[in-house]
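Just so we're on the same page: letters track the sequence lines, and every chain starts at 1.
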2 protein chains.
Amino acid sequence: MDNNSLFHNFVVFTTSFHRVTHEFTKDAKADVISQIQYKILEYIAVSQPVTPSDVNDCMNMSMPNTSRELKKLSEKSLIEKIHDKDDRRKQYIRLSKEGQAMMNESFAIIESRFLERIQDFPKEDLDDIEHAIHILQTKLFNE
Amino acid sequence: MDNNSLFHNFVVFTTSFHRVTHEFTKDAKADVISQIQYKILEYIAVSQPVTPSDVNDCMNMSMPNTSRELKKLSEKSLIEKIHDKDDRRKQYIRLSKEGQAMMNESFAIIESRFLERIQDFPKEDLDDIEHAIHILQTKLFNE
DNA sequence: CCTCTTAGTTATGATTCGATAACTAAATAG
DNA sequence: CTATTTAGTTATCGAATCATAACTAAGAGG
């Protein structure tokens with residue numbers, strides 16, 4: 001197989017991946033937040049604590065817009081901002097108790113759909129899948 | 001490894017996947033279309049011909065909004081609508097020549113970035129990656 | 001026929017989001 | 001001590017998007 005067909009497979013894979021993860025995450029978001037806000041919370045949940053600049057880079061937004069969205073999340077008491085003691089320009093963001101609870105609910109829905117999908121898989125398929133994820137993670141997606 | 005840690009790895013994988021594919025697709029979109037319009041064209045490109053209802057389901061939009069976006073794309077001559085002969089309520093959507101050309105350009109940018117990323121990988125890593133994609137595609141993402 | 005359902009359209013008002021400019025406050029470098 | 005850089009905020013405007021209601025037009029069932 002040459003690199004062009006590898007790319008082609010990657011594109012097909014990408015499409016399937018989006019379709020399936022979309023299936024998993026459909027309606028898992030609480031109604032009180034927007035799609036972007038959910039994405040930000042998801043990122044914070046996985047990577048906390050993060051700085052506004054981190055969110056900014058990762059979400060590919062401009063700082064003013066990041067700041068505004070974080071402010072909205074803060075006003076909804078879903079996140080907490082803590083100023084750095086050493087560099088008082090910086091701040092660290094974490095999920096609040098409510099924010100954590102909300103994301104736990106979302107993750108629980110997603111997890112149950114994921115587990116439902118793999119529930120009848122034989123052990124060796126699960127091992128293959130785990131190994132495949134590990135390979136892509138370390139070889140293609142590492143920094 | 002139990003299924004819960006498999007799910008956890010899957011979530012981490014999902015995050016990395018989004019980060020990297022975003023890196024690939026960044027600025028690959030032509031300026032004359034919006035982000036959503038690009039997503040719709042991408043979907044049509046991979047799955048054509050599609051119906052407005054297909055787009056609707058896949059993009060998770062409401063029919064009125066789907067209809068409007070498709071109309072915009074049609075006005076920009078990027079897609080073509082063909083009415084079904086048997087059921088004249090239905091219509092099939094394809095990329096027009098211009099639409100196809102535009103998407104080819106985008107895909108070329110994405111492909112070059114993909115190839116750049118894997119260019120120095122040893123052959124056995126590429127084989128591993130290909131195999132991993134194949135495994136996930138057939139075992140986890142099949143219909 | 002008449003009714004119901006399906007497929008899609010048009011119109012509209014409310015939000016959300018993105019881009020940009022102008023700003024504060026703190027750290028750092030010369 | 002001043003100049004510059006870094007981190008983040010506020011304000012504003014236009015464009016994009018969403019949600020809803022009301023609609024047309026065609027097929028399907030009885």
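Side-chain nitrogen and oxygen atoms of B:Q91 include at least one within less than 4.0 Å of the OP1 or OP2 phosphate oxygen of C:dT9. In this structure, A:K71 reaches the D:dT10 phosphate: one of its side-chain N or O atoms is under 4.0 Å from OP1 or OP2. Residue B:K90 places none of its side-chain N or O atoms closer than 4.0 Å to OP1 or OP2 of D:dA26.
Here the P atom of nucleotide C:dC17 and the CD1 atom of A:I40 are 9 Å apart, to the nearest Å. The separation between B:D54 atom CG and C:dA7 atom C1' is 12 Å, rounded to whole Å. Between B:M63 atom CE and C:dT6 atom C1' the separation is 10 Å, expressed in whole Å. As rounded to whole Å, 10 Å separates atom C1' of C:dT20 from atom CG of A:N65. When the C1' atom of D:dT6 is taken as reference, atom CG of A:N56 falls 13 Å away, rounded to whole Å. To the nearest angstrom, C1' of D:dA7 lies 11 Å from CG of A:D84. As a whole-Å value, the separation of B:D57 CG from C:dG8 P is 10 Å. Summarising the geometry, the separation between NZ on B:K39 and C1' on D:dC18 is reported as 19 Å, rounded to the nearest angstrom.
When each of B:S62 and B:K72 is assigned the nucleotide of DNA chain D bearing its nearest heavy atom, the one mapping closer to the 5' terminus is B:K72. Of the two residues near DNA chain C, A:P64 and B:K81, the one whose nearest nucleotide lies more 5' is B:K81.
Residues B:L140 and A:V20 fail the side-chain proximity criterion, which asks for heavy atoms closer than 4.5 Å. The side-chain heavy atoms of A:F17 and B:L136, taken from C-beta on, include no pair separated by under 4.5 Å.
The residue B:T66 sits apart from the nucleic acid: no heavy atom pair falls under 4.0 Å. Residue B:S34 is classed as a sugar-phosphate contact, given heavy-atom separations below 4.0 Å to backbone atoms only.
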Distances under 3.5 Å between protein N/O atoms and the N/O atoms of nucleotides 26-30 of chain C, please, pair by pair.
| residue | atom | partner | partner atom | Å |
| --- | --- | --- | --- | --- |
| C:dA26 | OP1 | A:R88 | NH2 | 3.1 |
| C:dA27 | OP1 | A:D86 | O | 3.2 |
| C:dA27 | OP1 | A:R88 | N | 3.1 |

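Checked against the 6.0 Å centroid criterion, the rings of B:F7 and A:F107 do not qualify as a close aromatic pair.
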Should A:E130 and A:I133 be marked as a side-chain contact (heavy atoms from CB on, under 4.5 Å) after you check the CA-CA gap, both sets of side-chain angles, and the distance that decides it?
-> CA-CA 5 Å; A:E130 188 212 324; A:I133 288 177; 5.9 Å; no
Derivation of the side-chain contact (heavy atoms from CB on, under 4.5 Å) call for A:K97 and A:Q100 = CA-CA 5 Å; A:K97 220 162 194 153; A:Q100 190 69 58; 5.8 Å; no
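Around atom NE2 of A:H22, more than 12 heavy atoms belonging to other residues, nucleotides or ligands sit under 6.0 Å away.
How far OG of A:S47 is from CD1 of A:I93: 12.0 Å, rounded to the nearest 0.5 Å.
Here the side chain of A:S53 is nearest to one of D:dT17, C:dC17, D:dG8, namely D:dG8.
A salt bridge is absent between A:R113 and A:E116; no separation between the charged side-chain nitrogens and carboxylate oxygens falls under 4.0 Å.
Helix-axis bend for the helix from C:dC1-D:dG30 to C:dG30-D:dC1: the local axis fitted to the five terminal pairs at one end deviates from that at the other end by 30°, rounded to 10°.
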Show the atom names and distances, to 0.1 Å, of all donor-acceptor pairs under 3.5 Å that link a side chain in residues 70-78 of chain B to residues at least two apart or in another chain.
| residue | atom | partner | partner atom | Å |
| --- | --- | --- | --- | --- |
| B:K72 | NZ | B:E69 | OE2 | 3.2 |
| B:K76 | NZ | B:V32 | O | 2.8 |
| B:K76 | NZ | B:Q37 | OE1 | 3.2 |

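The aromatic rings of B:F24 and B:F114 stand perpendicular to each other, their planes meeting at an angle above 60°, with 30° marking the opposite boundary.
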